[in-house]
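Here the structure comes first, spelled out in structure tokens, and everything after it is commentary.
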Amino acid sequence: MAGTPYFVDRGVVLRETETKETDKILTLLTWEQGKIGVIARGARRKNCKFAAAAQPLAYSEWTLYQRKDWHYASDASTLDLFDGLRRDLKALALGCYMAELAEAVCPEDVPAPELLRHLLNGLYALSALHKPPALVKPAFELRLLCLAGYEPLADACALCGREDPEDPVLDTAQGVLRCRGCGGGGGRPLCPDSLAALRHIVYGDPRRLYAFRLGEEPLGRLAAAAEAFLCVQLERGFSTLDFYKSLL
């Protein structure tokens, strides 16, 4: 197309919407453009050259051009399809939930490289490293909240200042740690092991985000606290979360 300014960017397909007979509207999270809507004409045809790249959770390099408020796909080549996810329904469901979370917290047309890196690392942990979904889910949720500006204060009890709170509780409304006996209702109970894991997730090296182990009970406490904190802070539910939980 003469005179059309093309550009190249890499990104993950967060969501697809089928439209017309052969087209898709994709929501991509890219390095340079951030979250954008892309019209992929012919992406549902069997012989489409970028059909694989237009799958949900595919990480691809896209050649795009823009007209008014929309981006259009000219070409794409896949970089990682995260095949390990596509062989495990539970992992795939969790990957779709992670993508929906990323879409929920990322504004339009604003570069969010740390968020994209976090999503790619989470998908890689499930697909290639075969990390347990039960461990990946709370770690991904809590770190995503930190990147989105909802970092919990977990270094000490917010009321008495103890670094090792007695019967620790995560206050999901206030986003603070406190001792159970320091007043205030609600919150999600933790234990020393689940608190240590939460601090590792919030304050640790993001490159080692999933490098921890927990027993079944402390992992359950961490998971319940992470999910409750996320739902309270974002004030919404997620259909992909409901589907993931239906598989457990």
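Note that this is a predicted model, so its numbers are computed, not measured.
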Are the charged groups of Lys245 and Glu227 less than 4.0 angstrom apart, N to O? yes
Donor on one side chain, acceptor on other, Gln66 and Tyr6, under 3.5 Å: no
Can you check whether Ala51's main-chain N or O pairs, donor with acceptor, with Arg45's side chain at less than 3.5 Å? no
Taking every non-hydrogen atom, the tightest pair across Pro133 and Leu126: CA-CD2, 4.0 Å
Under a 3.5 Å distance rule, please check whether Thr30 uses its side chain to pair with a backbone N or O of Gly34 as donor and acceptor. yes
Is the number of heavy atoms from other residues, nucleotides or ligands under 6.0 Å of Asp205 CG greater than 12? yes
Heavy-atom closest contact (Ala125 atom, Val136 atom, distance): CB-CG2, 4.4 Å
Does His130 reach the main-chain N or O of Gly84 with its side chain, forming a donor-acceptor pair under 3.5 Å? no
Can you check whether Ser77's main-chain N or O pairs, donor with acceptor, with Glu61's side chain at less than 3.5 Å? no
With a 6.0 Å cut-off on ring centres, are Tyr97 and Tyr244 close enough? no
NZ/NE/NH1/NH2 to OD/OE distance under 4.0 Å, Glu103 and Lys35: no
Enumerate, atom names and distances included, each donor-acceptor pair closer than 3.5 Å involving a side-chain atom of residues 153-170, sequence neighbours excluded.
{"unit_1": "Arg162", "atom_1": "NE", "unit_2": "Asp164", "atom_2": "O", "d": "3.4"}
{"unit_1": "Arg162", "atom_1": "NH2", "unit_2": "Asp164", "atom_2": "O", "d": "3.1"}

Main-chain N/O of Glu100 paired with Arg15 side-chain donor or acceptor, under 3.5 Å: no
Run through Glu16, His71, Gln55 and flag the one making a side-chain contact (heavy atoms from CB on, under 4.5 Å) with Leu26. Glu16
Without swapping roles, check the side chain of Gln233 against the backbone of Ala173 for a donor-acceptor pair under 3.5 Å. yes
So, Asp171 side chain and Val176 main chain: donor-acceptor pair closer than 3.5 Å or not? no
The residue among Asn121, Leu230, Leu119 that forms side-chain contact (heavy atoms from CB on, under 4.5 Å) with Phe140 is Leu119
